[in-house]
Amino acid sequence: MDRSYASRLRRILGACALSVLTAPALAASLPAERRSEPVIVRGDQVRELAATSTREIAVFRFDTATGWHPVAHQVDERRMTGLWPGAICPEQCEERYVFDGDEGNGLDADDEIVFMASSLGDKASERPVHTPAGFEIEVSIPGKRIAGYVYVFAMPAAGKPAVPGAVSYSRTVLDPSREDTTITTDKYRIHFSRLWVLDDLASLPGAGGDGTDLLDQWKGRAYDRSLRGETEDVVGLCGGWSNPAPHWGRHTYLGHIAGPVRAIRGVQGACSWPNLTRYDIFYPDMAEMTVNLRGHGFPPGSNGLWMYWDYAKAALPLTYYNAAIRRGTAIDGNNDSAYPNGDHEPASKTGVWEQVVGPHGGFAFTLRQTKVIPGPMKLVFADDAAFHDGTGSDPSPSPGVLGGHGIHIVHIEDTDPQTGGRPAQAVLRYRPLAAGAGSMGDRYLKVDADPLDVKATRF
Ligand SMILES: [Ca+2]
Ligand SMILES: [Ca+2]
Ligand SMILES: [Ca+2]
Ligand SMILES: [Ca+2]
């Protein structure tokens with residue numbers, strides 16, 4: 001595309017730039033839990049744009065009253081990547097985000113154009129003047145007639161209007177095992193102090209919280225919840241600080257992407273599971289952790305794996321809810337006789353929700369098995385200030401567990417393709433809640449299990 005086209009387009013669109021933050025009418029009629037959903041258009045849905053530079057992909061919405069408006073979006077490239085040296089694709093590979101800049105082939109089949117459902121606008125009848133053919137993206141709630149639209153065109157990067165970002169990702173490496181990484185949107189704040197250690201979780205005023213750190217630390221365990229097991233502190237080093245166990249030692253920060261609508265962080269390896277990958281994606285209203293479980297089995301009797309959240313004493317009072325305890329149980333460091341320390345309901349293969357909320361705000365959690373985990377999984381809970389699980393610092397001076405909720409994979413078959421296993425995948429989403437929020441878990445789980453339909457047609 002030539003320069004005169006770029007300048008014409010800038011003139012046409014320039015007047016719209018100020019209205020970027022105005023909520024479009026149709027998106028406003030979506031339920032709140034739908035407005036905060038990401039919409040992902042894969043490259044193979046817009047084939048005629050193949051090989052277009054990702055910088056030249058532009059997304060607009062049309063408003064019947066006010067015309068065309070640019071939409072905050074980003075294009076994240078992905079490529080098939082071997083899980084270990086010499087791996088043969090596709091069985092021994094995964095579609096991985098390109099963290100090192102440019103894939104070098106423009107938009108291709110597995111790349112993702114992403115924007116938020118809150119950006120959806122009206123249906124347009126014709127393209128903006130001078131704009132070559134692109135795509136109409138129709139987004140609808142499954143089973144409902146309501147639909148919203150955006151339009152994707154190729155245009156010179158110089159002609160694209162700037163749209164402010166909504167996610168900040170800042171990472172400083174302190175030493176080989178420690179980092180100082182903060183993710184902030186106007187709705188929440190998250191902090192990582194190690195590859196696997198998430199130790200700050202706050203609902204911010206944009207979501208109706210007050211910014212208090214609700215969390216002591218997220219806990220990830222193998223074999224035992226106590227220090228006898230491997231903890232999230234050392235999972236990136238396997239065998240402890242002095243024994244990085246080179247044959248197990250592929251624990252790698254794959255990199256990150258920080259764009260206007262999402263930040264993505266990739267990690268590979270967790271102790272004796274070098275082929276596991278974890279991707280954390282941070283959207284303006286929601287964080288999403290995808291774990292591709294690939295590792296040796298944990299046989300019956302091995303005690304399996306745990307992942308749970310442990311809260312901060314300074315954030316109390318908090319109340320914990322799930323589908324089995326809808327009235328909630330107080331998090332106060334004393335086990336509720338009706339919901340004692342240990343394993344509880346089996347975690348449904350189709351998805352579970354949990355929620356923690358108090359006067360400082362809270363979070364709703366959903367967990368789905370997107371590739372079924374070959375082994376029994378239960379909800380686990382511990383609200384026991386005297387139960388020492390070995391990591392974290394709260395309640396001080398002797399760290400116990402406050403409202404520790406999450407999952408226990410009691411045992412699991414081999415999931416490592418390097419040894420013939422079939423990989424499993426779990427997706428955890430967590431969303432900030434307002435102080436004193438009512439139960440949102442059911443609604444969010446429905447949204448996650450039944451995402452928006454995305455249809456692309458030539459326009
Ligand atoms: Ca690609
Ligand atoms: Ca590409
Ligand atoms: Ca903390
Ligand atoms: Ca604790």
Side-chain angles (χ1 to χ4, degrees), residues 9-10 12-50 52-76 107 111-142 144-157 159-167 259-262 283-286 447 451-459:
L9 199 58
R10 253 197 315 276
I12 295 159
L13 297 166
C16 305
L18 292 175
S19 56
V20 165
L21 297 174
T22 312
L26 191 132
S29 68
L30 287 170
E33 66 269 24
R34 289 283 184 187
R35 281 206 299 279
S36 57
E37 262 190 275
V39 179
I40 294 169
V41 180
R42 276 178 53 103
D44 55 9
Q45 292 178 276
V46 292
R47 281 180 197 284
E48 285 82 351
L49 294 174
T52 302
S53 160
T54 56
R55 290 187 309 281
E56 297 188 346
I57 299 289
V59 183
F60 293 89
R61 68 181 167 83
F62 180 74
D63 183 302
T64 307
T66 59
W68 292 96
H69 304 264
V71 162
H73 68 281
Q74 68 195 69
V75 183
D76 294 318
L107 188 73
D111 296 349
E112 295 178 343
I113 303 168
V114 56
F115 56 92
M116 304 310 297
S118 55
S119 299
L120 292 166
D122 299 331
K123 188 172 172 62
S125 53
E126 56 187 36
R127 298 198 292 272
V129 280
H130 305 305
T131 305
F135 281 86
E136 177 181 87
I137 310 297
E138 183 185 87
V139 180
S140 56
I141 298 176
K144 298 198 173 162
R145 291 175 64 95
I146 186 168
Y149 299 85
V150 299
Y151 295 83
V152 178
F153 303 108
M155 65 166 55
K160 282 176 63 175
V163 180
V167 180
V261 298
R262 65 181 182 181
Y283 293 100
D285 298 330
M286 167 181 88
V447 165
L452 293 166
D453 282 334
V454 181
K455 197 172 84 188
T457 51
R458 205 79 171 111
F459 180 80

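- The shortest distance between side-chain heavy atoms of Y151 and T131 does not fall below 4.5 Å.
- Using a 4.5 Å heavy-atom threshold, the side chains of V46 and I137 count as touching.
- Note: F60 and W68 have perpendicular aromatic rings, judged against thresholds of 30 and 60 degrees for the angle between ring planes.
- Contact detail for D285 and S36: the closest heavy-atom pair is OD2-CB, 2.9 Å.
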Could you go through the side-chain contact (heavy atoms from CB on, under 4.5 Å) check for V139 and V150 one step at a time?
CA-CA 8 Å; V139 180; V150 299; 5.8 Å; no
Taking it one step at a time, do F115 and L120 satisfy side-chain contact (heavy atoms from CB on, under 4.5 Å)?
CA-CA 9 Å; F115 56 92; L120 292 166; 3.9 Å; yes
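- Of all heavy-atom pairs between A154 and T52, the closest is CB-CG2, 3.8 Å.
- Residues forming a ring-ring contact (aromatic ring centres under 6.0 Å, His included) with F153 (at least two apart in sequence, or on another chain): none.
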Could you walk me through whether V41 and V152 satisfy the side-chain contact (heavy atoms from CB on, under 4.5 Å) test, starting with their C-alpha distance in whole Å, then the side-chain angles of each, then the deciding distance to 0.1 Å, before giving a yes or no?
CA-CA 10 Å; V41 180; V152 178; 5.6 Å; no
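- Without hydrogens or angle criteria, R35 side chain to S118 main chain gives no donor-acceptor distance under 3.5 Å.
- V71 approaches R61 most closely through the heavy-atom pair CG2-N, 3.6 Å.
- A heavy-atom distance below 4.5 Å is found between the side chains of L452 and I141.
- In terms of the side-chain hydrogen bond (donor to acceptor under 3.5 Å, both in side chains) criterion, R127 has no residue partners (sequence neighbours excluded).
- Among residues two or more places apart in sequence or in another chain, the salt bridge (charged side-chain N to carboxylate O under 4.0 Å, His left out) test is passed with E48 by none.
- Of the listed residues (K455, K123, R458), just one forms a side-chain hydrogen bond (donor to acceptor under 3.5 Å, both in side chains) with E136, and that residue is K123.
- The CD1 atom of I40 sits 12.5 Å away from atom CG of D111, with the distance rounded to the nearest 0.5 Å.
- Here the closest heavy-atom approach between residue H73 and residue I57 is recorded as NE2-O, 3.1 Å.
- Not one N or O on the side chain of E37 forms a donor-acceptor pair closer than 3.5 Å with the backbone of P451.
- At a threshold of 4.5 Å between non-hydrogen side-chain atoms, the residues M286 and M116 do not count as touching.
- Closest heavy-atom contact between A456 and Q45: CB-O, 3.3 Å.
- In this structure a side-chain-to-backbone donor-acceptor pair under 3.5 Å is missing from E56 to S53.
- Between atom OG of residue S140 and atom OH of residue Y149 there is a gap of 8.0 Å, rounded to the nearest 0.5 Å.
- Remark: T64 OG1 to D122 CG distance equals 3.5 Å, nearest 0.5 Å.
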For T457 and E138: C-alpha separation, side-chain torsions, deciding distance, then whether side-chain contact (heavy atoms from CB on, under 4.5 Å) applies.
CA-CA 8 Å; T457 51; E138 183 185 87; over 6 Å; no
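- No side-chain donor-acceptor contact under 3.5 Å links E112 to the backbone of D76.
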